[in-house]
Every structure is written in structure tokens, then in C-alpha cells.
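FYI, the numbering just counts along the sequence from 1.
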Amino acid sequence: DQIRAQEALRDSESRFRSVVENSLSGIYVIQDGKVAYVNPRLVGMLGYAEPEDLLGHDPWESVHPEDREMAKNELWLRRHHDAAQRHFSFRAVRGDGATIWLEALDAHIMYQGREANLGNVVDISQRKSAEEALRQSEEQYRLLVDNAQDAIYILQDGVFVFANPEVERLTGYTQEELLSLDFR
């Protein structure tokens with residue numbers, strides 16, 4: 001029975017390791033202030049060749065200096081406020097010095113008999129770039145519309161939902177007054 005139990009445990013550990021090693025997300029374990037485990041996906045995200053390039057190192061070395069305090073606070077909150085998980089985004093610095101955006105879901109676990117943090121990480125750099133491009137586009141649109149010499153407005157179901165400053169100038173109504181008018 002003991003031999004079968006040991007074999008079952010080895011099989012279970014082997015399946016678990018296979019799932020973790022082949023995960024689409026980066027996985028880490030931080031214990032005693034050091035990186036105790038990283039899967040190949042996270043090694044690649046961070047621009048390293050081998051897990052050994054990160055193992056035993058201070059995990060904060062890979063976090064962008066401007067985001068370190070926030071990330072540390074997130075892990076502290078997880079550990080000390082007994083939340084099931086902490087979900088947060090931060091910038092990381094790759095081995096080649098490039099900055100990427102990561103989103104992490106962190107959980108407090110027991111690892112090899114001691115407390116640790118287990119995290120799942122995905123690279124959200126493309127999403128952050130798209131959000132920034134959208135923000136810039138909206139800012140340019142706003143500047144164009146707000147400074148246009150033509151009256152630009154949106155009237156939806158008989159109610160103003162938008163009016164640029166030129167509409168205010170031409171009508172003599174303030175933005176608030178225009179938005180309160182109802183033509184239904």
C-alpha cells in the first residue's frame with residue numbers, strides 16, 4: 001500500500017509539473033524573499049534563457065523601480081489580510097532592459113512546508129499599448145472638437161449628449177444648460 005501511495009504521489013506530481021511547465025502563463029513561487037520557482041514561460045517573458053538565471057534572486061529586481069512599492073504592497077495585503085488572491089498589474093524589466101507590462105494573480109500558499117507566494121503572470125504589454133493609443137486618439141479627438149470653429153453636437157432622442165464650446169458660443173447656453181434641454 002505504501003509503495004502504491006508513493007507511486008500515485010509521483011504520478012500526481014509528474015502531471016502537476018507537466019501542467020505548470022507547459023502553461024501559457026508565467027508561474028512563480030516567491031519564498032523567504034527569493035525566487036524559489038519559475039516556469040519556462042515566465043523565464044521567456046522576462047528575457048532569460050534558463051530558470052537558474054532567476055532562481056535564488058530577489059524578485060523585485062525584475063519589477064520596474066517605479067512599481068516595486070505597489071507590488072510589494074499587493075503581496076503584503078495578500079499575506080496579512082487573508083484575501084483569497086491578489087490581482088494586479090505592474091511593469092517588469094526584462095533581462096535585456098526592455099520594459100513590459102505584466103498582470104499577476106497572486107496567492108498565499110505553503111511550499112515545501114513553508115509560507116510562500118504563488119503567482120500566475122500574463123504579458124499584457126500589447127493591451128497596455130492599445131489602451132495608450134486609444135487614450136492618445138481620444139485626446140487628439142477632444143482637442144480637435146473642442147477647438148473647432150464649427151458647432152459640433154450630438155442630439156440623441158431629443159436630448160443633447162454632447163456640445164462643443166462653439167455650440168455654447170453660438171447659442172449662449174452653457175454646457176450644463178444645453179445638456180439639460182429636452183426636445184422630445
Peer 1: Do you know the tightest heavy-atom contact between Tyr111 and Gln31?
Peer 2: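 Closest approach of Tyr111 to Gln31: O-NE2, 2.8 Å.
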
Peer 1: Flag the pair Phe90 / His64 as yes when at least one side-chain heavy-atom distance between them is below 4.5 Å, and no otherwise.
Peer 2: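 In short, these two side chains do not touch, never coming nearer than 4.5 Å.
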
Peer 1: Considering all heavy atoms of both residues, which atom of Thr99 and which atom of Arg91 are nearest to each other, and what is their separation?
Peer 2: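 Looks like CG2-CB, 3.8 Å.
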
Peer 1: Between Asn39 and Ser23, which heavy-atom pair has the shortest distance, and what is it?
Peer 2: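 Smallest interatomic distance, heavy atoms only, reads ND2-CB, 3.9 Å.
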
Peer 1: With a 4.5 Å heavy-atom cut-off, do Ser62 and Leu54 have their side chains touching?
Peer 2: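 The answer is yes; the side chains approach within 4.5 Å.
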
Peer 1: Kindly give the heavy-atom pair with the smallest separation between Leu102 and Asp123, and that separation in Å.
Peer 2: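 Nearest heavy atoms, Leu102 then Asp123: CD2-CA, 3.8 Å.
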
Peer 1: Using side-chain heavy atoms (C-beta onward) and a distance below 4.5 Å, is Tyr173 in contact with Glu168?
Peer 2: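 No. Closest side-chain heavy atoms not under 4.5 Å.
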
Peer 1: Could you list the cluster mates of Val145? Members are the ILVMFWY residues connected by side-chain heavy atoms closer than 4.5 Å, either directly or through other members.
Peer 2: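 Val145 clusters with Tyr141, Ile152, Ile154, Val161, Phe162.
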
Peer 1: Which pair of non-hydrogen atoms, one from Ala151 and one from Val167, has the smallest distance, and what is that distance?
Peer 2: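 For Ala151 versus Val167, the nearest heavy atoms are CB-CG2, 3.5 Å.
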
Peer 1: Using 4.0 Å as the upper bound for N to carboxylate O, is an ion pair formed by Lys34 and Asp58?
Peer 2: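 Salt bridge flag = no for Lys34 with Asp58.
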
Peer 1: Whether Arg41 and Glu21 form a salt bridge (side-chain N of Lys/Arg under 4.0 Å from carboxylate O of Asp/Glu) is what I want to check.
Peer 2: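 No salt bridge links Glu21 with Arg41.
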
Peer 1: Below 4.0 angstrom, N of the basic side chain to O of the carboxylate: do Asp96 and Arg94 qualify?
Peer 2: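 Yes, charged N to carboxylate O under 4.0 Å.
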
Peer 1: Under 4.0 Å between a side-chain nitrogen and a carboxylate oxygen: does that hold for Glu139 and Arg142?
Peer 2: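 Not counted as a salt bridge, because no side-chain N and carboxylate O are separated by less than 4.0 Å.
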
Peer 1: Less than 4.5 Å apart, side chain to side chain, heavy atoms only: is that true for Ser180 and Leu178?
Peer 2: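 Contact flag for Ser180/Leu178 side chains = no.
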
Peer 1: Under a 3.5 Å threshold, yes or no: a donor from one side chain and an acceptor from the other, between Asp106 and Asn117?
Peer 2: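 There is such a pair between these side chains.
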
Peer 1: Do you know the tightest heavy-atom contact between Val159 and Asp182?
Peer 2: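 Between these two residues, the closest heavy atoms are CG2-OD1, 3.8 Å.
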
Peer 1: Salt bridge or not between Arg135 and Glu132? Use side-chain N to carboxylate O under 4.0 Å.
Peer 2: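 Salt bridge: yes.
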
Peer 1: Might you work through the ring-ring contact (aromatic ring centres under 6.0 Å, His included) test for Tyr37 and Tyr28, ending with a clear yes or no?
Peer 2: CA-CA 5 Å; Tyr37 173 80; Tyr28 64 81; 9.7 Å; no

